[in-house]
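Contents: one structure, followed by commentary.
All values derive from a computational prediction rather than experimental measurement. So you know, we letter chains A, B, ... as the sequences are listed, proteins then strands, and number each from 1.
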There are 2 protein chains.
Amino acid sequence: MPNRTGLTERAVASHALALIDEEGLVGLSMRKLAGALGVAPMSLYTHFADRDSLLEAVAQLLYAQIDAPTGEDLGPEEKVRQIMKSVRRVLVDHPAAVPLVAKYPPRTLDALAFVEAGYRAFRRAGITAHDTARAYRALVAYSLGTATIEVNQYFAAHPAATPPGDSIDSPTLARHLPNVIEVGPLLPQLDDGVEFDYGLELTLAGFMRLQDSTLGSR
Amino acid sequence: MPNRTGLTERAVASHALALIDEEGLVGLSMRKLAGALGVAPMSLYTHFADRDSLLEAVAQLLYAQIDAPTGEDLGPEEKVRQIMKSVRRVLVDHPAAVPLVAKYPPRTLDALAFVEAGYRAFRRAGITAHDTARAYRALVAYSLGTATIEVNQYFAAHPAATPPGDSIDSPTLARHLPNVIEVGPLLPQLDDGVEFDYGLELTLAGFMRLQDSTLGSR
DNA sequence: ACCTGAACACCGTTCAAGT
DNA sequence: ACCTGAACACCGTTCAAGT
């Protein structure tokens with residue numbers, strides 16, 4: 001550590017994640033982070049080209065936190081369930097950082113460990129590399145989307161409960177959106193964890209059904 | 001229109017969307033937008049409480065662009081396919097605005113039209129309000145996730161092709177991540193449109209499978 | 001190579017003042 | 001009610017200078 005300040009990239013990124021957790025993504029400024037680390041703002045640019053590079057490093061830290069199950073006897077479905085649960089846990093533990101994970105794919109060795117574990121389970125089960133890639137893409141889409149919904153509290157207030165300012169008057173609502181009135185209020189009652197599992201099962205069941213039909217036609 | 005400037009909320013939000021399309025979400029500033037509209041920056045605050053309120057209005061404009069199929073003879077699966085395709089088209093047409101749709105749910109009458117159409121198709125097919133809500137949630141998650149992947153070009157470069165600066169040396173990669181090396185290069189070759197359909201079919205096939213098993217056990 | 005302070009070109013929003 | 005200019009408290013990053 002030949003630096004005068006003792007800073008490492010990892011330490012800077014780790015402090016950045018802590019700041020993001022506390023004050024949100026917009027709350028992380030190069031100036032505030034430098035202040036928290038006790039250095040001048042411009043010192044950070046010795047370790048990262050710009051703010052985006054720093055955020056990319058934060059994303060890698062998050063990916064590295066995802067548990068990759070090592071059990072050799074697990075089938076691809078169960079292994080994927082375990083990985084996806086770990087993905088969800090990491091994302092909801094760091095809600096403000098979800099956009100970073102959505103923007104920067106895993107790149108470092110540690111960050112790619114869970115990807116490797118997932119691919120391995122699929123390939124061992126005789127699923128083609130191509131189908132493995134497709135399933136991985138669909139699962140990434142689902143996990144990013146569901147995490148986004150959770151951290152944004154997208155369904156926290158159902159549509160009929162919009163602020164009265166410019167909201168639609170009740171009779172008009174009932175005439176044009178009867179099903180929204182019926183179904184909408186159920187959305188905020190859904191449990192995030194239960195629905196995460198439900199959507200995951202939809203995807204896995206669909207994948208296995210398509211796999212079976214493909215194998216059956218061979 | 002009793003205003004001196006002739007501004008309406010709709011016109012302001014519409015210009016904001018155009019600016020977002022041209023210069024990105026961070027490229028939309030209250031000052032630049034006001035300049036483009038020929039008014040003082042603070043005039044915008046007559047129509048919107050703050051920048052977030054303006055962005056919420058932009059999200060409503062986008063939701064209103066989603067086509068809601070009116071055919072009464074369509075089954076829920078086909079109707080959902082059509083709606084989801086329209087959702088994808090709107091989102092990829094406005095890539096920089098995707099985070100807004102992820103943050104602000106539909107609220108206005110026009111914005112809720114596609115939701116009403118989807119709910120209606122499900123309810124008409126005898127699916128419970130609860131299952132309709134669950135399926136809607138899963139479909140929102142998938143569409144937001146897949147749009148995020150597309151607009152961020154999440155899979156544009158596969159992991160093995162990271163910049164040589166801090167990338168992992170080849171032998172280490174091959175030893176620790178053999179499946180990433182095999183499967184990763186396939187990801188950027190996948191077609192966004194084809195994979196959108198694939199993931200959607202996974203979800204729909206899974207939903208129908210669970211529906212059937214639920215009905216069968218009654 | 002690493003670190004710094006000053007400066008530049010921006011932000012969103014508050015405030016007091018105008019019509 | 002609607003609109004404005006000035007001001008405040010911030011930003012990320014460039015630059016020239018230091019070690």
(message) I need the B/D192 CG to B/F155 CZ distance, nearest 0.5 Å.
(response) 10.0 Å
(request) Give, ordered by number, those residues of residues 49-56 of chain B having at least one heavy-atom distance below 4.0 Å to an atom of DNA chain C; if nothing qualifies, reply none. (result) B/D50, B/R51
(message) Please report the interatomic distance CG(B/L144) to OG1(A/T146), rounded to the nearest 0.5 Å.
(response) 10.0 Å
(message) If you apply the rule side chain to side chain contact (heavy atoms under 4.5 Å, CB included), what do you find for A/R107 with A/Y63, and how did you get there?
(response) CA-CA 9 Å; A/R107 174 183 53 83; A/Y63 283 122; over 6 Å; no
(message) Rounding to an integer number of Å, can you tell me how far A/L44 CG sits from D/dG12 P?
(response) 10 Å
(message) Would you compute the distance between atom CZ of B/R137 and atom CG of A/L186 and round it to the nearest 0.5 angstrom?
(response) 13.0 Å
(message) Test: side chain to side chain donor-acceptor pair (under 3.5 Å). Region: residues 17-39 of chain A. Which pairs qualify, not counting sequence neighbours?
(response) A/D21-A/H94, A/E23-A/K32
(message) Could you spell out the base pairing of DNA chain C as a dot-bracket line? Use Watson-Crick and G-U wobble contacts where both distances are under 3.5 Å, [ ] for crossing pairs, | for partners on a different strand.
(response) ||.|||||...|||||.||
(request) Quote, to the nearest angstrom, the P distance that separates C/dA9 from D/dA9. (result) 22 Å
(message) Check this for me: does any side-chain nitrogen of one of B/K85 and B/D67 sit under 4.0 Å from a carboxylate oxygen of the other?
(response) no
(request) Choose from D/dG5, C/dC3, D/dT13 the nucleotide whose nearest atom is closest to any side-chain atom of A/M42. (result) D/dT13
(message) Rounded at 0.5 Å granularity, tell me how far CZ in B/F48 sits from CG in B/L7.
(response) 9.5 Å
(request) Look up atom CG in A/D197 and atom CG in A/L202, then write down how far apart they are to the nearest 0.5 Å. (result) 11.0 Å
(message) Taking A/I83's backbone N and O only, do any of them form a donor-acceptor pair with A/S86's side chain (distance below 3.5 Å, no angle check)?
(response) no
(request) Nearest whole angstrom, please: distance from the P of D/dC2 to the CZ of B/F48. (result) 13 Å
(message) For B/E201, is there an ion pair with B/R81 - N to carboxylate O distance below 4.0 angstrom?
(response) yes
(message) Below 4.0 angstrom, which residues in residues 21-37 of chain A have at least one non-hydrogen atom near DNA chain D?
(response) A/L28, A/S29, A/M30, A/R31, A/K32
(request) Might you point out which heavy atoms bring B/E116 and A/V180 nearest each other, and give the distance in Å? (result) OE1-N, 2.9 Å
(message) Counting only side-chain nitrogens and oxygens, does B/H47 get under 4.0 Å of the OP1 or OP2 atom of D/dC3?
(response) yes
Look for any protein N or O under 3.5 Å of an N or O in nucleotides 16-19 of chain D and output each such pair with its distance, or none.
unit_1, atom_1, unit_2, atom_2, d
D/dT19, O2, A/R4, NH2, 3.3

(request) Kindly indicate, with the supporting measurements, whether the criterion side chain to side chain contact (heavy atoms under 4.5 Å, CB included) is fulfilled by A/E195 and A/I149. (result) CA-CA 11 Å; A/E195 297 313 314; A/I149 285 176; over 6 Å; no
(request) Quick one: list whatever passes ring-ring contact (aromatic ring centres under 6.0 Å, His included) with B/Y198, sequence neighbours left out. (result) none
(message) Under 4.0 Å from OP1 or OP2 of D/dC3: is there any side-chain N or O of B/Y45 that close?
(response) no
